[in-house]
Structures are given as structure tokens and as C-alpha cells.
Amino acid sequence: MINIKENEKLSVMNHSCAHLLAQAVKHLYPKALFWVGPVIEEGFYYDIDLGEDVIKEEDLAKIEKEMKKIAKDGKRIVREEISKEEALKRFSDDPYKIDLISRMDEDDTVISCYTQGDFTDLCRGPHVDSVKELKHFKLLKFSGAYWKGDAKNKMLQRIYGICFENEEDLNKHLEFLEEAKRRDHKKLGKELDLFMMSEYGPGFPFFLNKGMILRNELENFWYREHTKEGYEFIKTPIMLNKELWELSGHWYNYRENMYTSEIDERTFAVKPMNCPGGMLVYKNSLHSYKDLPLRIGELGQVHRHEASGALNGLFRVRTFTQDDAHIFMREDQIEEEVINLISFIDRMYSIFGLTYDIELSTRPEEKYIGDIEIWNKSEKALEDACHKAGHDCKINPGDGAFYGPKLDFHIKDSLGRVWQCGTIQLDMNLPERFDLTYIDSDGSKKRPVMLHRVIYGSIERFIGILIEHYAGAFPFWLAPTQLVVIPVNPEIHGEYAKELTEKLKELNIRVELDDRNEKLGYRMREAQTSKIPYSIIIGDKEMEEHSISYRKFGEQGTTTVSEEEFINFVTDKINNKTL
RNA sequence: GCCGAAAUAGCUCAAUUGGUAGAGCAACUGAUUUGUAAUCAGUAGGUUACGGGUUCAAGUCCUGUUUUCGGCACCA
């Protein structure tokens with residue numbers, strides 16, 4: 001996937017293309033008013049006020065046709081610098097431009113306009129020299145979008161498009177979009193019987209048997225790796241009473257997203273986060289400075305009432321399992337702990353062939369708690385740890401949580417798409433609210449520092465990402481069905497194939513026998529469409545030699561090895577989690 | 001929640017201006033005995049998401065609801 005924003009030339013072209021789009025829209029909808037048309041990673045868009053008019057599917061083609069016409073005409077794009085006064089005058093009948101201009105500082109900003117033929121737009125530029133240069137573009141989608149990105153404002157119409165230097169690149173991008181559609185986890189989840197949705201529970205996914213195998217493998221892997229890293233594990237209740245949520249602050253900050261219920265005339269809430277329960281566990285016993293860092297993990301199922309329009313397959317659901325952990329430690333342990341954590345997360349992601357970038361989100365401008373000094377120290381600790389772990393650390397100013405700064409892990413899948421999964425958050429709020437303490441070496445009570453962290457983020461979302469990352473063809477250790485044994489002639493080879501299947505089952509391999517009365521080609525096709533990693537064919541030759549002929553998913557032809565070699569081959573895959 | 005679109009058999013999709021809901025795959029039955037992506041024949045399968053309305057007649061038109069999809073806003 002090409003990031004348009006990071007490519008200077010494409011960035012300028014896409015920006016000019018946004019103007020071309022606006023000009024075409026103006027031709028077709030003379031009353032149209034324009035807000036902004038920026039370049040984004042996936043191309044460009046323009047937010048437009050069409051008054052009573054609404055863009056429809058078929059209009060996109062019309063607009064695109066008009067754009068081609070204008071581009072062919074080949075008008076030059078001319079820059080002009082004007083004063084604020086002149087700008088206000090020139091755009092006096094356009095409330096959107098007035099809004100933009102009046103917020104510009106005359107001393108610092110040069111106000112510039114770009115004109116192409118009969119169309120002028122306020123813009124900082126730069127642009128290509130002529131609309132003639134814009135040939136290889138496509139309008140992709142449209143939707144409503146709040147003015148200034150604020151849900152309180154009215155909705156404008158947004159049209160998205162993308163522009164390339166040549167037809168080949170454009171086609172490559174369209175092919176990428178097709179590929180992404182083929183890999184859609186909602187589609188593959190249905191085809192591969194991994195999970196289902198029901199009208200009776202919008203946003204509450206049902207995991208089917210095959211999806212449960214994925215889940216269980218991911219959870220087992222998680223428990224094993226966390227045990228190695230010195231974690232202990234807990235499970236806290238799904239529902240806790242209102243007083244706890246008042247204490248944690250969720251009742252005031254997160255109430256809208258919480259499911260509540262009256263029980264024995266008291267209010268209970270289903271947990272939207274695991275931390276308050278974790279705090280209670282910490283407080284359940286006394287802690288010595290010698291026990292820190294204390295790492296307490298919980299695969300905790302949370303429920304959040306997400307807006308209906310936000311729901312999206314497994315990516316955005318109303319109940320999900322966080323692979324949560326809370327780490328309690330002394331202040332002087334932050335850096336070392338975070339360094340360890342980063343290398344731990346690195347190890348976890350590399351198993352899946354996922355690369356990632358780390359971003360540091362710092363103190364919000366206004367809404368934050370605690371001393372600025374502690375914030376600065378914490379931010380520095382996270383950043384240093386990140387560098388010492390050998391990673392770049394992009395700063396995301398003001399994007400931290402109100403209770404502390406955080407490191408976010410943005411993973412990149414096999415199509416180059418970026419997802420936010422892991423996060424390490426420093427919390428200066430909850431230890432205070434819950435009055436957490438440990439006994440220091442001098443016998444005094446001290447306040448521990450706390451980290452929240454997740455690696456998968458949400459098991460549901462992570463499974464969604466993995467489905468798309470692998471296009472449903474999971475590595476051997478994760479595949480719901482790992483092997484299928486196909487006797488060439490079930491009447492002749494069926495019994496032997498069955499024995500082999502049982503033998504493999506005893507080794508804890510997820511193997512199925514396909515001895516149906518169907519042609520080999522038919523059963524092989526099914527094995528391939530269900531993306532089973534290896535298909536074993538048993539015929540006369542294999543029976544005689546006691547050998548195994550296997551075909552790898554997606555490849556043609558078979559490899560024949562001895563039974564022992566094959567068992568070593570697959571157990572090695574399971575143990576090392578290799579493809 | 002907001003803007004737009006959609007919902008027909010288990011799945012993927014047809015059904016002309018309103019005029020008898022249909023196909024392929026899957027399922028089931030039988031024949032076939034198979035060497036690497038679909039053997040043949042037959043059977044069954046539907047309150048067209050749910051409710052209300054217009055009409056002689058509604059999958060089709062109007063309307064309310066639900067759900068899904070693409071975005072926005074929100075977010076793991």
C-alpha cells in the first residue's frame with residue numbers, strides 16, 4: 001500500500017486532484033460550497049456543502065467524467081497571493097471560506113489562491129502546473145462528514161478519490177483494494193466458519209468451533225509467554241457495583257458506554273475495563289518493595305456500549321477480551337520494565353510476521369491530572385526506554401490519556417495496512433484513587449507506579465487482523481484444521497487412511513479424514529478452498545511404502561516422505577510456530 | 001448516534017413497466033470407486049428481515065422498525 005501523504009510528488013498531485021474534483025462538482029452543482037480538501041494517506045477528499053442535494057452512487061461517475069473533461073482542457077493552475085482584506089472580499093458570499101480566512105493570522109500567513117479556468121480556491125498549495133497533469137485518478141467513495149469533524153455541527157458531503165502518476169500505479173492500487181476486499185475478515189469468517197453474528201445481539205460475536213480453536217491457541221500462547229515473563233494471572237468479575245465505578249472514576253467519565261443492571265435494589269455495572277478489579281486484587285494483600293515489579297495478567301472480557309454505527313465485524317464489537325495486565329512497581333523500575341515489555345511485545349508480534357512502529361502520546365493540553373513534573377519524567381522514561389530498546393519513537397503530542405502518557409504499537413499487516421493493537425500506558429491516577437501502597441525498605445508506605453498494557457489489544461480484533469493478514473490461510477499452529485487425509489479410493493485405502501488419521505490425532509494434531517465417496521479432485525478442491533495447510537493423499541503407493549504424500553496449501557504437486565519424517569516436520573512447525 | 005446504500009433458500013445471486021419467487025453450490029437419496037480445484041441423476045428446501053399501508057394484485061411502490069455494509073463522530 002502506497003502512503004500518498006509520504007510521497008511529495010503524489011501528495012501534490014492528489015491535492016490538485018482535490019481541486020479538480022471541486023471544480024467538477026461546481027460545474028454540476030453550481031450552488032455547491034467547499035470546505036476543505038486535504039491529502040490523506042489513501043489519496044484525497046473534499047468536504048462539500050451541496051445544500052439540498054445529496055451525492056448518489058451514479059453521480060460519482062458523472063463527476064469523474066467532468067473531471068476528465070476539465071483535465072483534458074488543460075488549464076494552467078495559477079497561484080496568487082492576496083491580503084486578508086482582499087480574501088474576505090473575494091470570498092464574501094462563501095461562509096466556509098470566511099470561516100477559514102478569519103482564523104488566519106495576517107502577519108504569519110501568506111493567503112494564497114489557486115485558479116484553474118473558471119474555478120478559484122483558497123489554498124496554501126503547492127499544486128501541479130496544469131490540470132493536464134492529472135490523468136490517472138479515480139473517485140472511490142462518498143459519505144457524510146461532520147463540518148470541522150465535530151458531531152455537533154451539520155453534515156457535509158465528502159467525496160474520496162486517489163490520483164497516481166500513471167495508469168499502472170492506479171490499477172495496482174485498485175487491485176490492492178480488491179485484494180483487501182477478498183481478505184475481509186467478515187467474509188472469510190463466514191466462509192471458514194470461524195464466527196457469526198446475529199440480529200439478536202448486534203456487536204456481540206458468536207465464536208464457532210473453528211474460531212474457538214484460533215482463540216484457544218492465541219490464549220494458550222499468551223499464557224505460556226506471560227508465564228515465562230514472570231506474570232501471575234487473575235480473573236475478575238464481569239459485574240461489580242456502582243460504588244466501585246464511582247471510586248475508579250468510570251461512573252463519571254465512561255457511564256454512557258456502560259451496561260448497568262439493578263440487583264437487590266443496588267446498581268451494578270458490567271465492566272468496560274479490567275483495571276478496577278485489578279486494583280482490588282492488589283489491595284487484597286500487603287506488598288513489599290521486594291515483590292515489585294508485580295505483573296498481574298488477565299484475559300478479561302469487557303462490555304462497552306459502542307455507537308451502533310461504529311460496529312464493524314470483529315474489529316469493533318460490544319464485548320471483547322483484552323489481554324490485559326497491570327504492572328505495579330517502584331518509580332526507579334519504570335525504564336527497565338518498559339524496555340523488557342517492548343522486547344516481549346516484539347517477540348509476540350514477530351511470531352505472526354507483523355512489523356510495527358511505536359508512538360509516544362504525551363500529556364494532553366488541558367485535561368490531565370497530576371504534576372507536570374511527574375508527567376515530564378514519565379514521558380522521558382517511556383521515550384528513553386523506547387530508544388534503549390532500539391526503536392524510533394514518533395511523538396504524538398497531547399494524545400495521552402488524562403491519567404498518563406502511553407506508548408502505542410502500530411502493527412503493519414501483509415498488505416501494509418496499519419492497525420493499533422498493543423499499548424503501554426502509565427497510570428498516575430488509579431494508584432492514587434485506590435490508595436495503593438507497598439512497604440519500602442525503610443518500613444514506610446509508598447505509592448507504586450502502575451502500567452496498563454495489552455499486546456493483542458483485543459483478542460477479537462486481533463483475530464480479525466490475523467484473518468486478513470493471512471487471508472484465512474493460517475500458519476500450521478493456528479489452523480483450525482491442520483491436516484486432511486484423503487484416501488484415493490475410500491473402499492481400498494479408507495481403512496488405512498483412518499488408522500493414520502487416528503495416529504496423528506493421538507499426537508494432538510487437528511486432522512480430519514475425508515473418505516467421502518467423491519472424486520479425489522473434488523475432495524482436494526474442498527481442502528484447498530478451506531485453506532487447510534496440508535493435504536495427505538493415501539493411495540496404493542503410500543500404503544505399500546508406509547509413506548506420506550502431502551500437498552501444501554496453495555502449491556501444486558506433492559512431497560513424499562516417511563511417516564516419521566512427516567511427524568517430525570509438523571511437530572517442529574507446532575513447537576516453533578513456523579509457517 | 002449522523003449521512004448514504006442494502007436485506008430474496010444454509011451460501012452466492014436472478015426475478016422486465018407491480019402480474020405464478022428461480023438458478024448454481026451446499027444438504028438429502030441413488031448410481032459411480034475415483035491419483036491432486038467441482039462425476040451423473042433425482043429429492044427437498046421460501047410468511048422475499050420484521051410490522052403497517054396503497055392496489056384487483058406487492059420481492060418490486062409508500063411508511064415505521066431491526067440488522068448489515070461504506071464513511072463521519074467515537075474507539076481496543
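A, B, ... follow the sequence lines: proteins, then strands. Residue 1 opens every chain. Just so it is clear, the values below take in all heavy atoms, side chains as well, and ignore hydrogens, waters and symmetry mates.
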Tell me: [atom1] of [X] to [atom2] of [N], nearest whole Å?
X: A:Y200; N: B:U68; atom1: OH; atom2: P; result: 14 Å
X: A:D53; N: B:G4; atom1: CG; atom2: C1'; result: 14 Å
X: A:R516; N: B:U39; atom1: CZ; atom2: C1'; result: 14 Å
X: A:R525; N: B:A38; atom1: CZ; atom2: P; result: 7 Å
X: A:D515; N: B:U32; atom1: CG; atom2: C1'; result: 17 Å
X: A:E57; N: B:G4; atom1: CD; atom2: C1'; result: 9 Å
X: A:R551; N: B:G35; atom1: CZ; atom2: P; result: 15 Å
X: A:K519; N: B:A38; atom1: NZ; atom2: P; result: 8 Å

Please determine if [X] and [Y] form a salt bridge, counting it only when a charged side-chain N lies under 4.0 Å from a carboxylate O.
X: A:E229; Y: A:R347; result: yes
X: A:D47; Y: A:R158; result: yes
X: A:D514; Y: A:R516; result: yes
X: A:R316; Y: A:E306; result: yes
X: A:E191; Y: A:K531; result: no
X: A:R182; Y: A:D184; result: no
X: A:K148; Y: A:D99; result: yes
X: A:R183; Y: A:E179; result: yes

With [atom1] as the reference atom in both, quote the distance from [N] to [M] in angstrom, rounded to an integer.
N: B:C11; M: B:U48; atom1: P; result: 16 Å
N: B:A26; M: B:G42; atom1: P; result: 15 Å
N: B:U29; M: B:C69; atom1: C1'; result: 39 Å
N: B:G10; M: B:U66; atom1: P; result: 24 Å
N: B:C56; M: B:U43; atom1: P; result: 39 Å
N: B:U12; M: B:U68; atom1: P; result: 16 Å
N: B:U20; M: B:G46; atom1: C1'; result: 15 Å
N: B:G18; M: B:U54; atom1: C1'; result: 12 Å

Which residue lies toward the 5' end of RNA chain B, A:L156 or A:G557, if each is placed at its nearest nucleotide?
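It is A:L156, whose closest nucleotide lies nearer the 5' terminus.
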Short question: side chain of A:K519, backbone of A:V488 - any donor-acceptor pair under 3.5 Å?
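Flag not set: sc A:K519 to bb A:V488 has no pair under 3.5 Å.
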Which is true for A:E542 with a 4.0 Å heavy-atom rule: it touches a base, it touches only sugar-phosphate, or it touches nothing?
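Here A:E542 touches the bases of the nucleic acid.
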Give A:G539 one of three labels, base, sugar-phosphate or nothing, depending on what nucleic acid heavy atoms sit under 4.0 Å from its own.
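The answer is base, as A:G539 lies within the cut-off (heavy atoms under 4.0 Å) of a base atom.
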Short side-chain N/O contact from A:K56 to OP1 or OP2 of B:A5, under 4.0 Å:
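Yes, within the criterion.
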Within less than 4.0 Å of OP1 or OP2 of B:G35, is there a side-chain N or O belonging to A:R523?
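No, A:R523 has no side-chain N/O under 4.0 Å of OP1/OP2 on B:G35.
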Any idea which of B:A37, B:G1, B:U39 is nearest the A:T529 side chain?
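Shortest atom-to-atom distance from the side chain points to B:A37.
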Under 3.5 Å for both distances, Watson-Crick or G-U wobble, that's the pair rule; now give the dot-bracket for RNA chain B, with | marking pairs to another strand and [ ] for crossing ones.
(((((((..((((.....[..)))).(((((.......))))).....(((((..]....))))))))))))....
Looking at A:Y96, A:Y29, A:W147, which one forms a side-chain hydrogen bond (donor to acceptor under 3.5 Å, both in side chains) with A:D49?
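With A:D49 as partner, A:Y96, A:Y29, A:W147 yield a single side-chain hydrogen bond (donor to acceptor under 3.5 Å, both in side chains), made by A:Y96.
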I need a per-nucleotide contact map over nucleotides 69-76 of chain B, read 5' to 3'. Cutoff is protein heavy atoms under 4.0 Å; write B for the base, S for backbone only, - otherwise.
SBBBBBBB
With side-chain hydrogen bond (donor to acceptor under 3.5 Å, both in side chains) as the test, would you mind laying out the steps for A:K271 and A:T236 before giving the verdict?
CA-CA 10 Å; A:K271 66 174 174 183; A:T236 64; 3.0 Å; yes
